[in-house]
J.: 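Just passing along the structure, written as structure tokens.
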Amino acid sequence: MGEQDFDADLLVIGGGINGVGIARDAAGRGLRVILCEKGDLAGATSSASTKLIHGGLRYLEHYEFKLVRAALREREVLLNAAPHIVRPLRFILPQSPGVRPAWLIRIGLFLYDHLGERKRLAGSGSLNLNGSPYGAPLKPELQKAAYYSDCWVDDSRLVVLNALDAAERGAEILTRTECVHAVPEASGAGWQVMLLDHRSGTRKRIRARVVVNAAGPWAERCLADVLEGLPVTSMRLVRGSHIIVPRLFDHDNAYIFQNPDRRIVFAIPYQQNFTMIGTTDADFDGDLDAVTISAGEVDYLCETANRFFTRSISRDDIVWSFSGVRPLLGDGSDQPDQVTRDYRLDLRRTPSGSVALSVLGGKITTYRKLAEQAVNKLDAIFNTDKDNWTAAAPLPGGDIPGADIDAFIDAAARDYPWLADDLLERYARSYGTRLAVMLDGVAGMQGLGDALCPGLHVSEIRYLVDHEWAMTATDILWRRTKLGLRADPAAEARLQTWLDANGGAA
């Protein structure tokens, strides 16, 4: 059988950040790619992150200089590739007696400033919290702090934009489609794969030359139950949880707090009116399809906030919580927060010679580099003649002149003078230059259609269904737009009714 008999050069299992990153990179090199995801894009870990593109300041304590350097370099790459969904964010680190001495923090921040190629982000420094707006919401005994810069990211939109770019380069993106079985061919030429469409209940058989297991926390299960003929690699699953409470401070900076147990917790501005507090690190062995915050994690995050903020919070203040499971490489560490966030690309051949690549570990910041290295590992098989390309390529909507989002918003305000300011800001920061696609043919506020939920008009919903694989109210409210906190159950039901009638959920 010849190469033309295969449905795909590459079947990617998993629609999280690593899966879509690999699909994008491979499609851009001319490979025929199919990606299957049993749920929605970013439906699990990749939409439950702390929403940071960061080097990982605390990883320096564990001497993971290589990981930190790679992550710091990726900050600049992603700032240029997607300035609409990635933005600089300054972090304030109050000095906590008895945890890490000030001199150690100064050394760590010096390394953080100089390990990577920092061009657009401000450097670190120190400040006096007494009388400062940054000290106002904090306990009065917190007098001194350090500060440094990292980046905030809309994590689930980062996933969607990678999938969109992959699709526009020829990849086939199949959501709500599960890979239920993959059998290596006796010839070693590739794989016979069975896919299940959860919308229709139909099964489809395809042939793929190489399979990539990018199933995230399901990667070990994929090796055990789906891919035949491969050894199973054990992963350490760690749950990270966050709580959302009404806004605890008025400025746009974030805090990073040091707890007495030496763990760190972030407090980050979220959706204008809220503060996100997280994350935790707890070993996980439960149902991966039903991950929720534990009572102990709620208490831990509330106690942390109350240790530093003057305004006390309790369970009653929590308006939402979310949890995700990180698939980490087991390295013998006793504490989950000390397990490495590095990754391994495990290239294996079955006894017959069929090839599969498993992505083990990783973090959202380094997904692009991981994808690049993954496709490079397969180059001996595919012999593509295109070099590494993603570092200089903007993501959809990211081709903003000079990567200057503020100037872009000003220009958009001139192009759409009828658009309400709050919508203009959100649209620009969600869709970037794809704003023109979403508003094509719309000439005024009435042209946006009905608002089925606060701030969510029919024209945007239609765009998300037609271009971004949105099928349910949850897809739209909690992943594509992050408007879920503003939608009551009646509005969510109204949105789902519209989707059912207009081509959303099948």
J.: List for me each residue that meets ring-ring contact (aromatic ring centres under 6.0 Å, His included) alongside Trp478, sequence neighbours excluded, and say none if there are none.
T.: Trp320
J.: Short question: side chain of Glu37, backbone of Gly39 - any donor-acceptor pair under 3.5 Å?
T.: yes
J.: Any salt bridge (charged side-chain N to carboxylate O under 4.0 Å, His left out) pairs touching residues 123-142, not counting sequence neighbours?
T.: none
J.: Which residue pairs pass the salt bridge (charged side-chain N to carboxylate O under 4.0 Å, His left out) test when at least one of the two sits in residues 284-312, sequence neighbours left out?
T.: Lys38-Asp289, Arg239-Glu297, Asp299-Arg315
J.: From Glu460 CD over to Met438 CE, what is the distance, rounded to the nearest 0.5 angstrom?
T.: 5.0 Å
J.: Is there a donor-acceptor contact under 3.5 Å linking the side chains of His242 and Thr50?
T.: yes
J.: When you measure from the side chain of Ser312 to the backbone of Asn306, do you find a donor-acceptor pair of N or O atoms at a distance under 3.5 Å?
T.: no
J.: Report the C-alpha separation of Cys302 and Ile313 in whole Å, then their side-chain angles, then the decisive distance to 0.1 Å, and conclude whether the side chain to side chain contact (heavy atoms under 4.5 Å, CB included) test is met.
T.: CA-CA 6 Å; Cys302 287; Ile313 64 169; 4.2 Å; yes
J.: Glu168 and Arg434: salt bridge (charged side-chain N to carboxylate O under 4.0 Å, His left out), yes or no, with the steps?
T.: CA-CA 13 Å; Glu168 292 180 350; Arg434 296 295 171 106; 2.9 Å; yes
J.: Indicate the ring-plane relationship of Phe309 and Phe249, choosing parallel, tilted or perpendicular according to the 30° and 60° boundaries.
T.: parallel
J.: Do Phe65 and Tyr59 make the cut of ring centroids closer than 6.0 angstrom?
T.: no
J.: Drop me the distance from Ile85's CD1 to Leu395's CG, to the nearest 0.5 angstrom.
T.: 6.5 Å
J.: Got a sec, which residues hit side-chain hydrogen bond (donor to acceptor under 3.5 Å, both in side chains) with Thr45, two or more places apart in sequence or on another chain?
T.: none
J.: Run Arg326 and Thr279 through side chain to side chain donor-acceptor pair (under 3.5 Å) and show every step you take.
T.: CA-CA 12 Å; Arg326 312 178 191 101; Thr279 182; 3.0 Å; yes
J.: Looking at residues at least two apart in the chain, or sitting in another chain, which of them share a side-chain hydrogen bond (donor to acceptor under 3.5 Å, both in side chains) with Arg480?
T.: Asp40
J.: Drop me the distance from Ile256's CD1 to Asp150's CG, to the nearest 0.5 angstrom.
T.: 8.5 Å
J.: List in chain and number order the residues that pass side-chain hydrogen bond (donor to acceptor under 3.5 Å, both in side chains) with Arg29, two or more places apart in sequence or in another chain; answer none if no residue qualifies.
T.: Asp25, Asn376, Asn388
J.: Going by atom types alone, do Ser124 and Asp113 pair a side-chain donor with an acceptor below 3.5 Å?
T.: yes
J.: Mind checking what makes side-chain hydrogen bond (donor to acceptor under 3.5 Å, both in side chains) contact with Thr481, not counting sequence neighbours?
T.: none
J.: Can you list every pair that meets ring-ring contact (aromatic ring centres under 6.0 Å, His included) and has a residue in residues 122-141, with sequence neighbours left out?
T.: Tyr134-His251
J.: About how many Å separate CH2 of Trp469 and CG of Leu41, when rounded to the nearest 0.5 Å?
T.: 6.5 Å
J.: To the nearest 0.5 Å, what is the distance between CG on Leu483 and CG on Leu456?
T.: 6.0 Å
J.: I'd like to check the ring-ring contact (aromatic ring centres under 6.0 Å, His included) partners of Phe110; sequence neighbours left out, ordered by chain and number.
T.: His114
J.: Does the side chain of Asn253 come under 3.5 Å of the side chain of Arg90 through a donor N or O and an acceptor N or O?
T.: yes
J.: Given salt bridge (charged side-chain N to carboxylate O under 4.0 Å, His left out), test Asp422 with Arg426 step by step and report yes or no.
T.: CA-CA 6 Å; Asp422 57 340; Arg426 186 174 69 78; over 6 Å; no
J.: After noting the C-alpha distance and the side-chain angles of Phe308 and Asn259, does the key distance pass the side chain to side chain contact (heavy atoms under 4.5 Å, CB included) rule?
T.: CA-CA 10 Å; Phe308 293 92; Asn259 271 334; 3.9 Å; yes
J.: Side chains of Ser47 and Asp155: donor-acceptor distance under 3.5 Å anywhere?
T.: no
J.: Which residue pairs pass the salt bridge (charged side-chain N to carboxylate O under 4.0 Å, His left out) test when at least one of the two sits in residues 364-373, sequence neighbours left out?
T.: Glu74-Arg368, Arg368-Glu372, Lys369-Glu372
J.: With distance as the sole test, does Asp475 use its side chain to make a donor-acceptor pair with the main-chain N or O of Thr472 at under 3.5 Å?
T.: yes
J.: Can you run down the ring-ring contact (aromatic ring centres under 6.0 Å, His included) pairs that involve residues 274-304, sequence neighbours left out, and say none if there aren't any?
T.: none
J.: Is Arg75 positioned over the aromatic face of Tyr112, cation under 6.0 angstrom from the ring centre and no more than 45 degrees off axis?
T.: yes
J.: Check Cys222 against Ile13 and note the closest heavy-atom contact, atom names and distance.
T.: SG-CD1, 4.0 Å
J.: Checking the side chain of Ser323 only, and the main-chain atoms of Ile293 only, is there a donor and an acceptor separated by less than 3.5 Å?
T.: yes
J.: Is the positively charged end of Lys66 above the ring of Tyr343, judged by distance under 6.0 angstrom from the centroid and angle within 45° of the axis?
T.: no
J.: What pair of heavy atoms forms the shortest contact from Phe257 to Ala267, and how long is it?
T.: CE1-CB, 4.0 Å
J.: Taking the side chain from Asn213 and the backbone from Ala219, do they hold a donor-acceptor pair closer than 3.5 Å?
T.: yes
J.: For residues Val232 and Ala224, report the shortest heavy-atom separation together with the two atoms involved.
T.: CG2-CA, 3.7 Å
J.: Tell me whether Glu220 contacts the main-chain N or O of Met235 through its side chain, where contact means a donor paired with an acceptor under 3.5 Å.
T.: yes
J.: Say whether, by atom type as modelled, one donor and one acceptor occur between the side chain of Arg263 and the main chain of Gln258 under 3.5 angstrom.
T.: no
J.: Phe266 and Phe91: aromatic ring centres closer than 6.0 Å?
T.: yes
J.: Please lay out, stage by stage, how Lys482 and Ser156 fare under the test side chain to side chain donor-acceptor pair (under 3.5 Å).
T.: CA-CA 9 Å; Lys482 301 291 197 296; Ser156 50; 2.6 Å; yes
J.: Is it the case that the side chain of Ser46 and the backbone of Ile17 share a donor-acceptor pair, with hydrogens and angles ignored and the cut-off at 3.5 Å?
T.: yes
J.: Has the side chain of Gln95 got a donor or acceptor atom that lies under 3.5 Å from a matching backbone atom of Leu142?
T.: no
J.: Quick one: salt bridge (charged side-chain N to carboxylate O under 4.0 Å, His left out) pairs with a partner in residues 396-416, sequence neighbours left out?
T.: Asp406-Arg429
J.: Would a distance-only check, ignoring hydrogens and angles, find a side-chain to backbone donor-acceptor pair under 3.5 Å from Asn80 to Val77?
T.: no
J.: Test Glu492 against Leu477 for side chain to side chain contact (heavy atoms under 4.5 Å, CB included), laying out the working first.
T.: CA-CA 8 Å; Glu492 188 166 350; Leu477 293 175; 3.8 Å; yes
J.: What is the minimum heavy-atom distance between Gly56 and Val68, and which atoms define it?
T.: O-CG2, 3.6 Å
J.: Take Ile22 and Val359 through the test side chain to side chain contact (heavy atoms under 4.5 Å, CB included) and record every step on the way to the result.
T.: CA-CA 10 Å; Ile22 291 170; Val359 178; 3.7 Å; yes
